[in-house]
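Everything on this sheet refers to the single structure shown next.
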Amino acid sequence: MEEEGSNVCIFTTPLYLKTFELDGVSAKSVALPLQEMVKAYMTDGCPNDICIMPYVEKFKNLLATFRTKNCSGTVIFVTESAIEPNIMYEVHKSGAILIDTRFERSNFIKFLLVFLIEGYKATGAFKANDRFSEDVGIAKAIQNAYSGDEVTPKFQSYAPISADLQKALDDVGDNQPEKISIAELVNQKEFIEADFTMGFEIKSRKEKRKLPLSAMVKLSHVRQETSPTAYFKIYFKEFHPDASYGFMREISRVIYPKELDEALNSSNPSSKFTNIVQVMFKTGKLTRSVNTVPMFEDNRIAFIPLNDAFLQKRRYLRMPPSVDSPLIAFVSSDQHATQAVSIIDISERGLSFWSPNLFQKGTEASVYLNWGNGDVVCRSISRFVMKDTKSDNLKIGLELFPHEKECARIREYVFRAQISIFKALREEREIET
């Protein structure tokens with residue numbers, strides 16, 4: 001007998017089936033004109049089934065009707081028009097998802113469906129107010145980490161800002177300042193209402209290694225301290241996924257005044273701590289980043305900035321290869337014969353690996369990647385070379401130039417790797433407790 005949740009059907013329209021490439025999702029799909037599709041969903045839909053349809057103003061009445069018909073699965077509303085932020089909140093509070101295709105990557109819905117379906121298969125149907133918001137939060141956090149050129153800032157209405165900050169934020173190419181002090185940012189509307197993404201590492205007690213994670217957060221408030229030295233404490237709220245807050249508590253610690261004073265007055269404060277959390281946010285058209293150290297106090301976590309906010313040049317989330325789907329890679333160039341390489345991490349546009357051979361910066365190379373049913377061949381250029389202090393190996397960083405479809409396949413691989421890490425760490429902690 002199959003587990004509950006192992007059979008998931010997607011009800012949608014022919015347009016969305018084609019636009020979002022849903023044929024590639026491992027689930028049965030029913031694609032009908034909108035009115036017929038809604039009737040079929042209410043008549044034939046099961047508790048796990050997913051419905052993708054255009055946003056309608058009377059969404060609350062529609063959702064209530066669905067629930068009375070025992071259609072309790074995820075409903076995804078799609079829009080291409082401006083929607084007020086408070087309406088997006090009401091949709092989410094009602095147990096549905098609202099996707100504005102102007103602000104999401106074209107295949108995010110496909111990735112979201114893959115994640116939700118895998119969740120159904122692993123745990124059965126989600127219960128209302130149970131793990132739904134957390135698991136959708138994981139998917140949204142991962143999507144937010146892909147802050148490439150395709151993603152546009154969401155629903156930002158800016159109040160007048162200071163002339164100094166406006167000058168710093170004007171998009172004038174190389175004239176952009178590399179750094180802006182936290183003091184310049186903390187009272188600005190752009191900073192206060194920004195979407196923040198945290199990048200941090202959690203140690204897997206099973207695998208005995210640190211694994212990278214990301215989370216979405218909102219700014220709560222900022223406090224300025226003057227003793228033992230001048231510094232800021234930044235507090236966040238609405239951690240998504242919810243599990244990320246528990247992981248953050250694991251790496252936060254009590255920091256003594258003398259220790260903090262010595263670190264903040266050193267030339268490289270980040271080197272004084274092993275639990276650095278990178279906080280990224282958008283200011284105007286730019287993404288900036290600041291290294292922080294999480295400090296646990298009064299049953300709260302304060303994040304202390306250790307440097308000015310600098311321009312974030314890495315635009316894509318990098319992950320180590322998935323344990324569930326190992327990555328095989330071969331690299332060749334005019335100077336070096338084809339060699340199998342040990343991958344350190346990968347993103348949709350980058351790859352780093354260990355090699356005994358020197359790849360000069362700017363070296364063109366061919367890359368072959370294989371995982372499970374995936375094969376990608378693309379050209380690349382070496383962007384950095386670093387020597388490992390513990391061995392004679394070199395860490396080589398390549399910028400990848402895959403075809404658009406192959407780029408999407410690599411992105412999906414990275415997406416799945418992040419999901420598996422979250423699930424493995426959460427299960428690991430649940431088993432221990």
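Put simply, the side chain of S252 gets close to the backbone of R249: a donor and an acceptor are under 3.5 Å apart. Judged purely by atom type and a 3.5 angstrom limit, T197 has no side-chain atom pairing as donor or acceptor with the backbone of M280. Side chain of S382 to backbone of T363: a donor-acceptor contact under 3.5 angstrom is found. In terms of modelled atom types and a separation under 3.5 Å, the side chain of T292 and the main chain of V277 share a donor-acceptor contact. Here the side chain of S94 pairs no donor or acceptor atom with the backbone of K60 at under 3.5 angstrom. A side-chain donor-acceptor contact under 3.5 Å links N275 to the backbone of I251.
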How far apart are the C-alpha atoms of R416 and E412, what are their side-chain angles, what is the distance that settles it, and do they pass the side-chain contact (heavy atoms from CB on, under 4.5 Å) test? CA-CA 6 Å; R416 287 177 178 274; E412 182 172 0; 3.4 Å; yes

Where do L113 and V8 land on the side-chain contact (heavy atoms from CB on, under 4.5 Å) test, with the steps shown first? CA-CA 10 Å; L113 287 174; V8 179; over 6 Å; no

Output, in order, the C-alpha distance, side-chain angles, deciding distance and verdict of ring pair (Phe, Tyr, Trp, His ring centres under 6.0 Å) for F247 and F200. CA-CA 9 Å; F247 291 142; F200 56 102; 7.2 Å; no

Dump the intermediate steps for side-chain contact (heavy atoms from CB on, under 4.5 Å) on I182 and Y231, then the final yes or no. CA-CA 9 Å; I182 299 299; Y231 66 97; over 6 Å; no

Could you walk me through whether L369 and I328 pass the side-chain contact (heavy atoms from CB on, under 4.5 Å) test, one step at a time? CA-CA 6 Å; L369 302 172; I328 299 171; over 6 Å; no

side-chain hydrogen bond (donor to acceptor under 3.5 Å, both in side chains), that's the test. Do S352 and D345 meet it? Break it down for me. CA-CA 6 Å; S352 67; D345 56 38; 2.7 Å; yes

Starting from the C-alpha separation in whole Å, work towards a yes-or-no answer on salt bridge (charged side-chain N to carboxylate O under 4.0 Å, His left out) for K233 and E297. CA-CA 11 Å; K233 290 180 179 177; E297 58 169 21; 2.9 Å; yes

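V38 has its side chain within reach of M53: a pair of non-hydrogen atoms, C-beta onward, lies under 4.5 Å apart. Side chains of N307 and P269 form no contact here, defined as non-hydrogen atoms less than 4.5 Å apart. Proximity of Y55 to L98: side-chain heavy atoms (C-beta onward) are separated by under 4.5 Å at one or more points. Taking the side chain as every heavy atom from C-beta outward, M37 and I52 never approach each other to under 4.5 Å. In this structure the side chain of I192 never reaches within 4.5 angstrom of the side chain of N187, judged on heavy atoms. Within the 4.5 Å cutoff, the side chain of S29 has no heavy atoms near those of the T12 side chain. The closest side-chain heavy-atom distance from K395 to I344 is below 4.5 Å. Annotation: side chain of C71 is not in contact with side chain of D49 (no heavy-atom distance under 4.5 Å).
Separation of atoms CG (L306) and CZ (F273) is listed at 6.0 Å; rounding is to 0.5 Å. The CD1 atom of I99 sits 8.5 Å away from atom CZ of F20, with the distance rounded to the nearest 0.5 Å. Atom-to-atom distance recorded for I50:CD1 and T74:OG1 is 5.5 Å, nearest 0.5 angstrom. Rounded to the nearest 0.5 Å, atoms CD (Q278) and CE (M198) are 11.5 Å apart. K110 contributes atom NZ, which lies 5.0 Å from atom CD of E21 (distance to the nearest 0.5 angstrom). In this structure, OG in S380 is found 8.0 Å from CZ in F359, a value given to the nearest 0.5 Å.
D375 and Y368 share a donor-acceptor pair across their side chains, judged by distance under 3.5 Å alone. Between the side chains of T79 and D100, no donor-acceptor pair of N or O atoms lies under 3.5 Å.
Stacking of R411 on the aromatic ring of F111 is not recorded, the 6.0 Å distance cut-off and the 45° axial limit not both being met.
Aromatic pair F191/F281: centroids less than 6.0 angstrom apart. In this structure, F239 has its ring center no closer than 6.0 Å to that of F196. Here Y41 and F66 bring their ring centres to under 6.0 angstrom of each other.
Across every non-hydrogen atom of R300 and Y245, the tightest pair is CA-OH, 4.3 Å. The heavy-atom pair separating A40 from L32 by the smallest distance is CB-CD1, 4.0 Å. Taking every heavy atom of both residues into account, V331 and A365 meet most closely at CG1-CB, 3.9 Å. Closest approach of Y413 and L327 over heavy atoms only: OH-CB, 3.5 Å. Contact detail for V290 and P305: the closest heavy-atom pair is CG2-CB, 3.9 Å. The shortest heavy-atom contact between S355 and I396 is CB-CG1, 4.1 Å.
Annotation: E238, atom CD; neighbour count of heavy atoms from other residues, nucleotides and ligands within 6.0 Å is above 12.
Between D195 and K218 a salt bridge is recorded (basic side-chain N to carboxylate O distance below 4.0 Å).
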